[in-house]
There are 2 protein chains.
Amino acid sequence: MPERRPRKDAARNRAAVLAAADELFARCESPEDITMADVAAAAGVGKATLFRAFGDRTGLIHALYEARLAPLRAATEQGEPPLSPAGPPLERVPALLDAVLCFKFDNRHLALALEGTGSGSPYQGAHYESFHRTLTGLLGQIPGFGGADTDFIAHALLAATRADLVEHLVRHEGADREQARARLADFVARVLGQG
Amino acid sequence: MPERRPRKDAARNRAAVLAAADELFARCESPEDITMADVAAAAGVGKATLFRAFGDRTGLIHALYEARLAPLRAATEQGEPPLSPAGPPLERVPALLDAVLCFKFDNRHLALALEGTGSGSPYQGAHYESFHRTLTGLLGQIPGFGGADTDFIAHALLAATRADLVEHLVRHEGADREQARARLADFVARVLGQG
DNA sequence: TACGATGCGGACCCTGGGTCCGTTTCATGG
DNA sequence: CCATGAAACGGACCCAGGGTCCGCATCGTA
C-alpha cells in the first residue's frame with residue numbers, strides 16, 4: 001500500500017475549495033443556501049473536482065470541521081491543564097465542556113451545516129465519539145459518580161453544547177460568547193454537585 | 001372572518017394523507033427516504049392535494065407531530081398530578097421530562113423527521129417554546145434555583161431528551177424504553193440536587 | 001337541476017446533488 | 001527537453017424530489 005501522494009494541482013485545488021467553502025459557510029445566513037456549485041465557482045474549480053476531492057457534500061463539510069477541530073483535539077490530548085489529561089477530573093470536565101462550547105460558538109456555521117446533513121446524526125461522528133468517551137471516563141473518576149450512569153450523563157452534558165442550541169441562544173436570546181460560557185459553566189457545576 | 005369549514009372531500013383527503021404519512025414514517029428506516037410522492041400515492045391522492053392541505057413537507061410533518069402531541073399537552077395542562085399544574089414543582093419537573101422523553105421515544109420517527117427538516121431547528125417550534133416556558137417557570141419555584149439561570153437549565157434538560165440522542169441510545173447502545181427513562185430520571189435528579 | 005366555488009390530480013418545472021467523458025496537466029524515463 | 005501514460009480537470013449532463021399549473025370533477029346551495 002504505497003499511499004501515493006496527490007499531484008500538485010490536486011493539492012492546490014483541495015486547499016482552494018476548503019478556503020472557499022469556509023468563507024461561504026461563514027458568510028451565509030443558513031448553510032442550506034450555499035450549494036456545491038457555489039463552492040466550486042468560488043474556488044474557481046469545476047464541480048467534479050470538488051466531488052472527486054471530498055466524495056460528497058457531507059465529506060466536504062466534514063473535512064472543514066475536522067480541520068478546525070484539530071487545535072481542540074491537540075489541546076485536550078497534550079495541551080496545558082486543566083484541559084489536558086494532567087488536569088484533575090473535577091476541573092477537566094468543566095474545562096472540556098467549556099472548550100467544546102467555545103468551539104461550537106466560534107464555528108457554529110460549520111457545526112450547523114454538519115448537523116443539518118439530514119440523516120447524519122452528530123452521534124456517529126468520530127469527534128463526538130471521542131469527546132464522549134473521554135467525558136465518560138472522567139466522570140467515572142469523580143467521587144459521587146460511582147454507581148452513576150456516566151455514559152448518559154456525558155451525552156446529556158454534551159447535548160447542552162449542541163450547535164443549534166448555541167445558535168438559538170445567540171439569535172433569539174441575544175446571548176454573547178461569555179454569557180453562553182457562564183450559563184454552561186453554571187449548569188455543569190450543578191451537575192457535578194457544586195451547585 | 002367567517003372561517004368557512006372545508007369541503008367533505010377535502011377533510012377526507014386530509015385525514016387519508018395524515019394516516020398514510022404516519023404509517024410510512026413509522027415503517028421506514030430513515031425519514032429521508034419517504035418522498036411526498038410516496039405519501040400521495042399511499043393516500044391515493046394527487047401530489048397537489050397534499051401540498052394544498054399542508055403547504056409543504058415541513059407543514060405535513062408538523063401536522064402529524066402536533067396531532068400526536070395533543071394528549072401530552074392535555075396531560076400537562078389539565079391532567080393528573082404530578083404532571084399537571086397541581087403537582088409540586090420538585091415532582092413536576094421530573095414528571096414533565098419523563099413524559100417528554102416517552103413521547104420522543106414513542107414518536108422518534110416523527111421527531112427525527114421534524115428535526116431533519118434542515119434549516120428548521122427544533123427551537124422555533126411552538127411545542128418546544130411551550131415546554132421550555134413551563135419548565136423554566138417550574139425551576140424558578142424550586143428552592144436552590146433562586147439566582148440560577150433557569151432559562152438555560154431548562155434548555156439543557158430538554159436537550160437531554162432530543163430525538164436523535166434517544167435514537168442513538170436505542171440503535172447504538174441497545175437501550176429500551178425503561179432504561180432510557182431511568183437514565184434520564186437519574187440525570188434530572190442530579191441536576192435538581194438530589195443526586 | 002343548474003351553476004358558481006372549491007378541490008382534484010398528474011403533467012410539468014426547477015433546483016441542486018452527483019456523474020461522464022473528452023481534454024489538459026502533471027511527472028517520470030529516455 | 002520531449003514523449004508518454006497516468007492522474008486530474010471541468011462543464012455538460014442526468015435524475016430525484018419538492019413544489020406549481022391548469023383543465024376537469026365534485027361539492028353544496030338556490
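Every value quoted in this text rests on a predicted model; they were computed, and no experiment measured them.
Contacts of B:Glu91 classified as salt bridge (Lys or Arg N to Asp or Glu O under 4.0 Å), with partners at least two apart in sequence or in another chain: none. The side chain to side chain donor-acceptor pair (under 3.5 Å) search around A:Arg171 returns A:Glu167, not counting sequence neighbours.
Ion pairing between a basic and an acidic side chain is recognised when a charged N comes within 4.0 Å of a carboxylate O; B:Arg183 and A:Asp151 show such pairing. Ionic pairing of A:Asp164 and A:Arg108 is not present here: no N-O contact between side-chain nitrogen and carboxylate oxygen is shorter than 4.0 angstrom.
At the phosphate of D:dG10, OP1 or OP2 sits under 4.0 Å from a side-chain N or O atom of A:Thr49. Dashed line: the shortest gap from a side-chain N or O of B:Asn13 to OP1 or OP2 of C:dC8 is under 4.0 Å.
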Discussion item. Can you build the contact string for nucleotides 17-30 of chain D? Use B for base contact, S for sugar-phosphate-only contact, and - for no protein heavy atom under 4.0 Å.
Written reply: SBBBB----BSS--
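Within 6.0 Å of CD in A:Glu178 there are more than 12 heavy atoms belonging to other residues, nucleotides or ligands.
One atom, CG of B:Asp38, and another, P of D:dA16, lie 12 Å apart when rounded to the nearest Å.
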